[in-house]
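Before I ask anything, here is the structure I am working with.
The shown structure was predicted, so the numbers you read here are calculated from the model rather than taken from an experiment. All residue numbers refer to positions in the sequence shown, counting from 1. Every heavy atom of this structure was used, including side-chain atoms; hydrogens, water molecules and symmetry mates were not.
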Amino acid sequence: MKFRGKIIDIACLNHFTRVVTTISKLTKMCVLRLTPDNLFFVLSGKVANGGVSMWCELSQANFFDEYQMEGVSSEDNEICLEVTPENLSRALKTVQNAKAVKVKLTKKHCPCLTIAAELPTLSSVSRVVTHDVPVDVIPRRLWHEFKEPSMPDFDVSIYLPPLKTMKNIVDRMKNLSNFLSRDPESLVEARVDIRRLQQFLVGQQVNPSKAMCNIVHQSVLHLILLHEDMSLQYFIPAVA
């Protein structure tokens with residue numbers, strides 16, 4: 001397995017950092033799935049058992065100036081890594097002014113995503129800062145757990161208002177109740193843990209062009225953030 005990528009454009013680096021930071025606010029651990037064309041951040045919690053799940057998809061061409069990878073085989077040309085997104089976010093935040101940032105899968109004391117940043121300098125001597133972010137390689141037999149979730153057969157789909165506005169409302173409501181629920185007389189409802197919804201609203205930093213909410217009656221709240229070069233789906237299970 002091999003992976004290396006290079007980001008030169010500062011706007012792409014900043015945007016990639018915002019995406020990773022958003023992921024870090026939603027989960028402590030997740031799977032980074034690498035394919036020739038895309039990167040995916042995946043959390044496969046079992047919604048039926050009360051867990052949240054997440055699927056974030058990025059087109060590598062919109063972020064990386066150079067991108068090369070070789071998967072476990074020509075038939076299964078993918079790499080799946082368990083990562084701590086907060087560690088990756090911290091490393092990226094320290095190199096925001098870099099002239100170029102390289103990300104490479106390495107083997108040191110353990111498998112790592114090594115982030116090497118060439119920093120600007122006033123002298124002719126270049127400065128390179130390196131961060132090693134430990135990862136665990138996910139074996140092929142477990143890959144089936146990290147595939148794109150199927151779109152739920154929702155009962156209602158709505159466009160959300162600006163997320164900042166929604167966040168302010170939810171922040172006030174959490175002081176009144178632990179749960180958010182629609183009027184019982186309504187046709188469709190999903191009673192969810194308000195802290196999980198608040199976590200989603202507080203964590204997002206990608207300024208989506210569209211935000212949608214799908215509701216499966218008394219089952220799940222399906223939130224979608226759409227940006228021109230990424231999408232993020234987040235599933236919050238309903239509670240009794």
Checking the side chain of Gln218 only, and the main-chain atoms of Glu189 only, is there a donor and an acceptor separated by less than 3.5 Å?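 Pair absent, no side-chain N/O of Gln218 close to backbone of Glu189.
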Give a yes or no on whether Leu13 and Val128 share a hydrophobic cluster (residues Ile, Leu, Val, Met, Phe, Trp, Tyr; joining criterion: side-chain heavy atoms under 4.5 Å apart).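 Each belongs to a different hydrophobic cluster.
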Looking only at heavy atoms, which two atoms of Asn77 and Glu70 are closest? And how far apart?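 Heavy atoms of Asn77 and Glu70 come nearest at OD1-C, 3.7 Å.
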Under 3.5 Å side-chain donor-acceptor pair for Asp229 and His15: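 Yes, side-chain donor-acceptor contact under 3.5 Å.
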Do the non-hydrogen side-chain atoms of Leu105 and Leu34 ever get within less than 4.5 Å of each other?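 No. Closest side-chain heavy atoms not under 4.5 Å.
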For the residue pair Arg33 and Trp55, what are the closest heavy atoms and their distance?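 Scanning both residues completely, I find the closest heavy atoms to be NH1-CH2, 3.2 Å.
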Kindly indicate whether the side chain of Val137, heavy atoms from C-beta on, has any atom under 4.5 Å from the side chain of Ile79.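 The answer is no, as the side chains (C-beta and beyond) never meet within the 4.5 Å cut-off.
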Determine whether Leu81 and Asp136 make a side-chain contact, defined as any pair of heavy atoms from C-beta on separated by less than 4.5 Å.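 No, every pair of side-chain atoms sits at 4.5 Å or beyond.
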Single-linkage hydrophobic cluster Val42~Val72, side-chain heavy atoms < 4.5 angstrom: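 Val42 clusters together with Val72.
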Could you give all pairs that pass the side chain to side chain donor-acceptor pair (under 3.5 Å) test and reach residues 230-240, with sequence neighbours left out?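 Qualifying pairs, neighbours excluded: His222-Gln233.
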Taking all atoms of both residues into account, what is the closest heavy-atom pair of Cys30 and Ile23, and its distance?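 Where Cys30 meets Ile23 most closely, the heavy atoms are SG-CG2, 4.0 Å.
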Looking at residues at least two apart in the chain, or sitting in another chain, which of them share a side chain to side chain donor-acceptor pair (under 3.5 Å) with Gln60?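 Per chain and number, Gln60 pairs via side chain to side chain donor-acceptor pair (under 3.5 Å) with no residue.
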How does the hydrophobic cluster around Met29 look, that is, which other residues are in it when side-chain heavy atoms under 4.5 Å mark a link?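 None, because no other hydrophobic side chain comes under 4.5 Å of this residue.
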Any side-chain heavy-atom pair from Val103 and Phe3 closer than 4.5 angstrom?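 The answer is yes, as the side chains (C-beta and beyond) meet within the 4.5 Å cut-off.
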Is there a continuous path of hydrophobic side-chain contacts, each under 4.5 Å between heavy atoms, that joins Phe16 to Leu119?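 Different clusters: Phe16 never reaches Leu119 through Ile, Leu, Val, Met, Phe, Trp or Tyr contacts under 4.5 Å.
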Does any part of the side chain of Leu226, heavy atoms only, come nearer than 4.5 Å to the side chain of Pro208, both counted from C-beta?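 Side-chain contact under 4.5 Å: no.
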On a heavy-atom basis, which atom in Val95 and which in Ala117 lie closest, and how many Å separate them?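 Heavy-atom minimum between the residues: CG1-CB, 3.3 Å.
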With the side chain counted from C-beta on, respond yes when Phe235 and Pro149 share a heavy-atom pair under 4.5 Å apart, and no when they do not.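 Yes, side chains in contact.
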State, yes or no, whether a side-chain contact exists between Thr130 and Thr114 at a heavy-atom distance under 4.5 Å.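 Counting from C-beta outward, Thr130 and Thr114 do come under 4.5 Å.
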Is it true that a side-chain atom of Ser24 and a backbone atom of Thr21 form a donor plus acceptor pair closer than 3.5 Å?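 Checking the backbone N and O of Thr21 against the side chain of Ser24, a donor-acceptor pair under 3.5 Å is found.
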Taking side chain as C-beta onward, heavy atoms only, is Val52 less than 4.5 Å from Pro237?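 Yes, at least one pair of side-chain atoms sits under 4.5 Å.
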Under 4.5 Å between side-chain heavy atoms, counting indirect links through other Ile/Leu/Val/Met/Phe/Trp/Tyr residues: same cluster for Val83 and Leu142 or not?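 In one cluster with Val83: Leu142, yes.
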Membership question, hydrophobic clusters at under 4.5 Å side-chain separation (ILVMFWY): are Ile8 and Leu92 in the same one?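 Result: no, two separate clusters.
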Which residue, Leu223, Leu225, Leu201, Ile224, forms the side-chain contact (heavy atoms from CB on, under 4.5 Å) with Leu160?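 Only one of Leu223, Leu225, Leu201, Ile224 forms a side-chain contact (heavy atoms from CB on, under 4.5 Å) with Leu160, namely Leu223.
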